[in-house]
Amino acid sequence: MSTVIGVLSLQGAVREHEHALAQLGVETRKVRRPRDLDGLDGLVFPGGESTTMSKLLNVEGMRDPVQQALDGGLPAFGTCAGMILLADVVRDTREDAVNFHALDVTVRRNAFGRQVDSFETDLDVAGIEDAVHAVFIRAPWVEQTGPNVEVLSRVPEGHGEHTGAIVAVRSGSVMATSFHPEAMPGEKRLHELFLRECVGI
């Protein structure tokens with residue numbers, strides 16, 4: 001049977017993730033309803049607006065089914081807002097925001113400042129040979145990690161207060177990045193890393 005990776009399709013960069021996975025020869029499925037979770041080998045949480053996603057997860061009756069899937073061991077990959085949704089603790093967010101406690105990390109929403117504070121840099125990422133170009137736009141960062149969380153990447157020197165910030169992590173079958181690898185043309189190595197290390201293909 002072929003591998004099927006779902007992409008949470010309530011809001012955000014759905015198409016870009018589908019394209020990156022298609023380039024790797026992986027079948028994708030838009031996940032909008034609880035039944036869409038059936039038979040998946042993994043689930044991508046795209047970048048977008050985490051508070052909007054939170055509202056839609058509740059409105060569409062998806063919060064509990066997604067939580068149950070993650071609790072049952074479904075591999076997951078979150079980018080930017082997706083990292084926020086997967087985190088155990090989220091700072092600077094709404095009290096009613098959804099997060100699934102799938103990664104033992106504390107993240108800070110919009111940690112890199114406003115849109116005018118956006119910047120780009122090349123990152124060393126564990127498990128990837130060459131540097132990954134990353135763009136940070138109102139992105140979160142990881143402030144604390146649990147004992148079983150592997151730090152995959154940090155902001156390199158030369159970026160002031162952002163230097164050393166944790167921007168990619170993995171724990172077991174769950175992985176997350178602060179940035180949007182799917183937004184970079186031809187960049188599919190983070191998705192490949194997720195498939196290899198988390199999904200096991």
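Since this is a predicted model, take the numbers as computed values, not measurements. Index from 1, following the sequence. Only this structure's heavy atoms are used, side chains among them; waters, hydrogens and symmetry mates stay out.
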Requested in this report: In plain terms, say whether E60 and R32 are close enough for a salt bridge, that is, a side-chain N and a carboxylate O under 4.0 Å apart.
Outcome: no
Report summary line: Closest non-hydrogen atoms of H159 and P156, given as atom of the first, atom of the second and distance, are CD2-O, 3.4 Å
Requested in this report: Answer whether the closest heavy-atom distance between the side chains of M62 and V31 falls below 4.5 Å.
Outcome: yes
Report task. State, yes or no, whether a side-chain contact exists between L43 and L37 at a heavy-atom distance under 4.5 Å. Result -> yes
Query raised in the report: If you take all heavy atoms of F136 and V167, which pair is closest and at what distance?
Result: CE2-CG1, 3.6 Å
Query raised in the report: Is the backbone N or O of G160 less than 3.5 Å from a side-chain atom of T163, with the two atoms forming a donor-acceptor pair by type?
Result: yes
Report task. Would you confirm whether S54, through its side chain, and V98, through its main-chain N or O, come within 3.5 Å as a donor-acceptor pair? Result -> yes
Query - Non-hydrogen atoms of P34 and G61 that approach each other most closely - result: CG-O, 3.7 Å
Query raised in the report: Looking only at side chains, do Q68 and D64 share a donor and an acceptor under 3.5 Å apart?
Result: no
Query - Donor-acceptor under 3.5 Å (N58 side chain, K55 main chain) - result: no
Query raised in the report: Between OG1 of T28 and CD of E18, what distance do you get to the nearest 0.5 Å?
Result: 4.5 Å
Report task. Taking R154 for its side chain and G164 for its backbone only, find out whether a donor-acceptor pair lies under 3.5 Å. Result -> yes
Query - Nearest heavy-atom neighbours spanning Q11 and P46 - result: O-CG, 3.8 Å
Query raised in the report: Should L193 and L152 count as side-chain neighbours, where that means a heavy-atom distance under 4.5 Å?
Result: yes
Query raised in the report: Just wondering, do K188 and L21 contact through their side chains at under 4.5 Å, heavy atoms?
Result: no
Query raised in the report: Can you find a pair of side-chain heavy atoms, one from F45 and one from V174, that are under 4.5 Å apart?
Result: no
**Report entry** side-chain contact (heavy atoms from CB on, under 4.5 Å) partners for S50, two or more places apart
**Finding:** A81, I84, R109
**Report entry** Check: V142 and M83 side chains under 4.5 Å, non-hydrogen atoms
**Finding:** yes
Query raised in the report: Can you name the nearest heavy-atom pair linking V90 to T93, along with the distance?
Result: CG1-CG2, 3.6 Å
Query raised in the report: Quick check: does any side chain N or O of E187 sit under 3.5 Å from a backbone N or O of V132, one acting as donor and the other as acceptor?
Result: no
**Report entry** Spatial distance of atom CD1 (I5) from atom NE2 (H17) [nearest 0.5 Å]
**Finding:** 12.0 Å
**Report entry** Single-linkage hydrophobic cluster, 4.5 Å side-chain cutoff, I201 and F194 together
**Finding:** yes
Report task. Check whether any side-chain heavy atom of W141 sits under 4.5 Å from a side-chain heavy atom of H162, and report yes or no. Result -> yes
Requested in this report: From the options E182, E49, H180, R138, select the one residue that forms a side-chain contact (heavy atoms from CB on, under 4.5 Å) with C80.
Outcome: H180
Query raised in the report: Mind checking whether L190 and L24 sit in one hydrophobic cluster, side chains of I, L, V, M, F, W, Y counted as touching below 4.5 Å?
Result: yes
Query - Euclidean distance, L123 CG relative to F179 CZ, rounded to 0.5 Å - result: 5.0 Å
Requested in this report: Carefully, step by step, assess S2 and E27 under the rule side-chain hydrogen bond (donor to acceptor under 3.5 Å, both in side chains).
Outcome: CA-CA 7 Å; S2 62; E27 182 181 346; 3.2 Å; yes
Query raised in the report: Hey, mind stepping through V26 and L195 against side chain to side chain contact (heavy atoms under 4.5 Å, CB included) and telling me if it holds?
Result: CA-CA 9 Å; V26 175; L195 294 173; 3.6 Å; yes
Report summary line: Separation between OG (S9) and CZ (R33), nearest 0.5 Å, reads 11.0 Å
Report task. For the pair R29 (side chain) and D38 (backbone), establish whether a donor and an acceptor sit closer than 3.5 Å, ignoring hydrogens and angles. Result -> yes
Requested in this report: Following the transitive rule for hydrophobic clusters with a side-chain heavy-atom cut-off under 4.5 Å over Ile, Leu, Val, Met, Phe, Trp and Tyr, establish whether M175 and V107 coincide in one cluster.
Outcome: no
Query raised in the report: So, does R196 use its side chain to make a donor-acceptor pair with the main chain of G127 at under 3.5 Å?
Result: yes
Query raised in the report: In Å and rounded to the nearest 0.5 Å, what is the CG to OG1 distance from D104 to T145?
Result: 8.0 Å
Query raised in the report: Out of curiosity, R170 CZ to C198 SG, how far, rounded to the nearest 0.5 Å?
Result: 5.5 Å
Query raised in the report: What residue pairs, at least two apart or across chains, pass ring pair (Phe, Tyr, Trp, His ring centres under 6.0 Å) with a residue in residues 24-44?
Result: none
Query raised in the report: Quick one: do L103 and L74 end up in the same hydrophobic cluster if we chain Ile, Leu, Val, Met, Phe, Trp and Tyr together by side-chain heavy atoms under 4.5 Å apart?
Result: yes
Report task. Establish whether F77 and L85 are linked, either directly or via other cluster members, by ILVMFWY side-chain heavy-atom contacts under 4.5 Å. Result -> no
Query raised in the report: Does the side chain of E143 reach to within under 4.5 Å of the side chain of R91, using non-hydrogen atoms?
Result: yes
Report task. For N99 and A87, indicate whether the former's side chain and the latter's backbone hold a donor-acceptor pair under 3.5 Å. Result -> yes
Report task. May I ask you to decide if T177's main-chain N or O and T79's side chain share a donor-acceptor pair within less than 3.5 Å? Result -> no
Requested in this report: Show your working on side chain to side chain contact (heavy atoms under 4.5 Å, CB included) between D130 and R189 and close with a plain yes or no.
Outcome: CA-CA 10 Å; D130 297 319; R189 292 173 294 166; 3.7 Å; yes
Query raised in the report: Hey, is the main chain of P140 close enough, under 3.5 Å, to the side chain of S178 for a donor-acceptor pair?
Result: yes
